[in-house]
Amino acid sequence: FIHNLYYEAATMVITFVLTGKYIESRSTKKTKGAISALMKLVPDTTLVLRNNQIQEIPINQLLVNDIVLVKPGTRIPSDGIVTEGSSTVDESMLTGESLPIEKTTGSIVTGGSMNQNGAIYIKITKIGEDTTLAKIIDCMEKAQEKKAPIAKIADKVSGFFVPIVISIA
């Protein structure tokens, strides 16, 4: 009769460990999906004003202090300040704000947000890893890599406990 209890205990511990591992892997997949969705917010190209002409350039060639034209329905390429025009900007993917925010001359805009209804010129203030979106992505990646202290302890304990219980059983 006692032997059955050991088997049940071992089975329960193994079930709990496997369930925990499954939940952890599912959570990791969701986080990776969220990170890739955030990365897709930045457009591949942008319209920049250089030599008094609008040129389409790859986003990686964008420089601080460049003036970019953001047309309605396109994403803002990088963090900056509106220098000309007005529009509403949907920042919901970054801030969670459900309503579009009115942006006029002097307003700060965040890269990755969607320009909705008016053409605006933006002076770029941050590029690459300095942008708000890049910092959010970096924080999410770091959080994904780390385990909670209690999870580390649980992994160590289960690493010893499960084999001992199985061998006793």
Side-chain angles (χ1 to χ4, degrees), residues 17-156:
V17 169
L18 291 176
T19 302
K21 296 283 183 188
Y22 170 74
I23 292 170
E24 183 180 358
S25 71
R26 209 172 96 198
S27 171
T28 302
K29 280 183 184 178
K30 284 185 178 182
T31 304
K32 285 181 182 178
I35 290 171
S36 65
L38 284 174
M39 289 178 173
K40 290 177 184 175
L41 291 178
V42 178
D44 295 330
T45 61
T46 189
L47 299 173
V48 66
L49 181 63
R50 290 192 179 154
N51 303 323
N52 292 325
Q53 291 183 336
I54 299 290
Q55 303 170 359
E56 186 170 358
I57 63 165
I59 195 75
N60 60 359
Q61 293 179 8
L62 196 58
L63 304 171
V64 172
N65 294 325
D66 272 347
I67 304 294
V68 297
L69 169 62
V70 182
K71 294 180 178 179
T74 60
R75 295 207 175 267
I76 295 171
S78 195
D79 296 357
I81 299 172
V82 177
T83 59
E84 190 179 327
S86 66
S87 181
T88 54
V89 175
D90 180 6
E91 298 178 340
S92 61
M93 281 294 287
L94 299 170
T95 64
E97 177 66 41
S98 60
L99 297 174
I101 299 169
E102 183 71 29
K103 300 291 183 176
T104 58
T105 303
S107 297
I108 295 172
V109 291
T110 307
S113 51
M114 177 71 80
N115 184 22
Q116 297 225 308
N117 60 9
I120 51 177
Y121 286 90
I122 298 169
K123 180 179 181 180
I124 300 300
T125 56
K126 296 177 185 174
I127 58 171
E129 299 300 316
D130 295 333
T131 63
T132 303
L133 184 60
K135 289 178 181 176
I136 291 170
I137 292 169
D138 186 52
C139 284
M140 288 181 71
E141 287 174 341
K142 285 180 181 174
Q144 181 183 6
E145 292 170 5
K146 289 185 180 178
K147 270 192 174 184
I150 192 71
K152 290 178 185 176
I153 292 169
D155 285 347
K156 285 182 183 178

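Every heavy atom of this structure was used, including side-chain atoms; hydrogens, water molecules and symmetry mates were not. Quick caveat, the model's predicted, so the values are computed rather than measured.
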[X] versus [Y], closest heavy-atom pair with distance:
| X | Y | answer |
| --- | --- | --- |
| S92 | D90 | OG-OD1, 2.8 Å |
| S113 | E91 | CB-CG, 3.7 Å |
| K126 | D130 | CD-O, 3.3 Å |
| A134 | G128 | CB-O, 3.3 Å |
| P77 | V68 | CG-CG2, 4.0 Å |

Could you measure the distance from the [atom1] atom of [X] to the [atom2] atom of [Y]? Nearest 0.5 Å is fine.
| X | Y | atom1 | atom2 | answer |
| --- | --- | --- | --- | --- |
| L133 | D138 | CG | CG | 11.5 Å |
| I81 | K103 | CD1 | NZ | 11.0 Å |
| K123 | L49 | NZ | CG | 13.0 Å |
| N115 | I120 | CG | CD1 | 4.5 Å |
| L69 | T74 | CG | OG1 | 7.5 Å |
| D66 | T46 | CG | OG1 | 9.0 Å |

Could you give me the CA-CA distance, side-chain angles and deciding distance for L63 and R50, then say whether side-chain contact (heavy atoms from CB on, under 4.5 Å) is met?
CA-CA 11 Å; L63 304 171; R50 290 192 179 154; 3.8 Å; yes
Would you say the side chain of L41 lies within less than 4.5 Å of the side chain of L38, judging by non-hydrogen atoms?
yes
Do I59 and D44 come within less than 4.5 Å of each other through their side chains, counting heavy atoms only?
no
Exam field: side chain [X] to backbone [Y], donor-acceptor pair closer than 3.5 Å:
| X | Y | answer |
| --- | --- | --- |
| S27 | I23 | no |
| D79 | T132 | yes |
| T83 | Y121 | yes |
| S87 | N117 | yes |
| R75 | G112 | yes |

